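Here the structure is a predicted model, which is why all the values come from computation and not from measurement.
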Amino acid sequence: MRLGEVLVIARKPDLPLAMGLAEAAEAPRQWLGLGRRLPGSLRLIVARGDERVAALVRGGPSWGAGFTFPGSRTILVRADAGDPYRILRHELAHLALHDALRVRVPLWFDEGYAALAAGELDRLDALRLNLSVARGRIPGFFELDRALRANSSTAEAAYALAASAVALLARRHPTHNLTPLLARLEGGEGFEAAVLATTGSPLGRFELEWQKDVRRRFGLLGWAMAGGLWAVMAVLLLLAVWLRRKRDRPRRQALDEGWIVEPEGESTAPLEEAGPGP
């Protein structure tokens with residue numbers, strides 16, 4: 001079916017959802033650092049099930065909730081992988097970014113921008129509870145790109161880290177937003193040159209500054225304050241209860257041996273003779 005400039009492809013049970021998504025996709029949006037933009041013509045596919053999605057997306061991660069193919073202006077949204085409207089916002093952010101830029105950008109920037117532009121700030125909140133990050137294990141940008149295409153649990157933290165890197169790019173400019181960087185990229189300037197011009201740091205130095213910033217903002221203290229310490233204490237308490245029960249099990253079994261419980265019934269013992277009355 002077609003709704004305005006959006007061609008909708010879905011199975012009959014998913015058509016009402018797909019039309020609702022198409023209506024949302026067609027509306028103009030204010031995008032982070034890019035201003036108000038119309039999505040233009042696009043093809044929206046709504047599907048569900050790992051096998052069907054894998055058949056449509058060859059080479060992509062099978063756990064993905066959404067996919068964007070800028071060359072064919074196609075967006076695929078899984079109807080069984082969370083909030084489809086949230087997934088759509090993320091994929092539309094990818095499309096808006098690729099429509100605006102004339103140069104290639106790293107995967108971490110692409111995914112980090114989409115997460116921030118779609119308002120997925122809960123990813124950064126979840127980063128506070130990531131013990132690996134809290135312990136200071138922050139990948140470089142090359143490793144971050146690989147993690148974004150790894151398994152779902154690894155990619156979840158990678159998306160949050162990518163969003164934090166893009167957010168730092170914005171904070172490093174005096175205006176504290178992405179508009180100057182994106183304007184340079186939109187004008188055809190290379191990514192590394194644009195980062196140097198807007199942050200004052202070559203990309204390699206910015207990478208080190210970002211890793212240091214993540215350690216400062218999401219270190220062990222922040223992890224403990226965000227609830228990580230309480231989670232560890234709860235696990236330790238459950239472990240202590242289990243160990244105590246395991247240690248006491250032989251003693252309880254020994255106490256149970258030799259006990260005979262007689263069936264309930266009327267007593268057959270003779271009653272005491274009543275004494276004289278008053």
Side-chain angles (χ1 to χ4, degrees), residues 1-10 14 17-50 52-121 123 144-152 155-156 158-163 165-166 178 182 185-186 191:
M1 299 182 67
R2 179 173 290 277
L3 179 63
E5 292 194 85
V6 181
L7 175 64
V8 181
I9 300 174
D14 290 324
L17 170 63
M19 295 304 291
L21 291 171
E23 186 175 355
E26 193 182 30
R29 291 174 183 266
Q30 189 79 20
W31 292 112
L32 179 67
L34 295 175
R36 190 173 179 84
R37 293 176 180 260
L38 283 166
S41 62
L42 62 93
R43 178 169 53 175
L44 175 63
I45 302 174
V46 177
R48 62 177 71 231
D50 291 345
R52 185 166 298 277
V53 171
L56 293 169
V57 187
R58 293 185 177 88
S62 59
W63 48 262
F67 302 86
T68 300
F69 307 93
S72 60
R73 304 195 60 76
T74 300
I75 290 176
L76 187 151
V77 174
R78 285 192 62 157
D80 56 352
D83 181 358
Y85 286 89
R86 171 174 170 151
I87 298 168
L88 176 67
R89 287 195 300 269
H90 185 101
E91 303 310 321
L92 285 173
H94 281 304
L95 195 61
L97 183 66
H98 283 267
D99 282 349
L101 305 190
R102 296 170 51 194
V103 296
R104 292 179 64 86
V105 295
L107 179 61
W108 64 263
F109 181 83
D110 194 354
E111 294 295 354
Y113 175 83
L116 289 180
E120 299 171 2
L121 299 181
R123 291 187 183 273
L144 185 57
D145 280 352
R146 295 179 61 183
L148 286 164
R149 292 296 178 261
N151 56 65
S152 58
E156 190 64 30
Y159 274 90
L161 288 169
V166 176
L178 283 175
L182 293 174
L185 297 174
E186 196 169 359
F191 182 76

*asked:* More than 12 heavy atoms of other residues, nucleotides or ligands under 6.0 Å from CZ of R86: yes or no?
replied: yes
Please name the pair of heavy atoms, one in [X] and one in [Y], separated by the smallest distance, quoted to 0.1 Å.
X    : Y    : answer
T68  : E91  : OG1-OE1, 2.5 Å
A47  : D80  : O-OD1, 4.3 Å
V105 : F191 : CG1-CD1, 4.0 Å
R29  : A24  : NH2-O, 3.4 Å
A163 : A115 : CB-CB, 4.1 Å
D99  : R73  : OD1-NH1, 2.7 Å

Any chance you could measure [X], atom [atom1], to [Y], atom [atom2], to the nearest 0.5 Å?
X   : Y   : atom1 : atom2 : answer
M1  : M19 : CE    : CE    : 4.5 Å
L95 : R37 : CG    : CZ    : 11.0 Å
I9  : T74 : CD1   : OG1   : 7.5 Å
L21 : R89 : CG    : CZ    : 10.5 Å

With heavy-atom distances below 4.5 Å as the criterion, would you say the side chains of [X] and [Y] are in contact?
X    : Y    : result
H94  : I75  : no
L182 : L32  : no
L107 : R149 : yes
L17  : Y85  : yes
L121 : L116 : yes
Y113 : L34  : yes

*side-chain contact (heavy atoms from CB on, under 4.5 Å) between F69 and V57: does it pass, once the steps are laid out?*
CA-CA 10 Å; F69 307 93; V57 187; 4.0 Å; yes
_Short N-O contact, R48 and D14, less than 4.0 angstrom_ = yes
*Report the C-alpha distance between L97 and W31 in whole Å, list the side-chain angles of each, state the deciding distance to 0.1 Å, and finish with yes or no for side-chain contact (heavy atoms from CB on, under 4.5 Å).*
CA-CA 9 Å; L97 183 66; W31 292 112; over 6 Å; no
*Stepwise, does the side-chain contact (heavy atoms from CB on, under 4.5 Å) test hold for V53 with F67?*
CA-CA 10 Å; V53 171; F67 302 86; 3.7 Å; yes
_Let's go through L44 and L76 carefully: what are the C-alpha distance in whole Å and the side-chain angles of both, what is the deciding distance for side-chain contact (heavy atoms from CB on, under 4.5 Å) to 0.1 Å, and is it a yes or a no?_
CA-CA 6 Å; L44 175 63; L76 187 151; over 6 Å; no
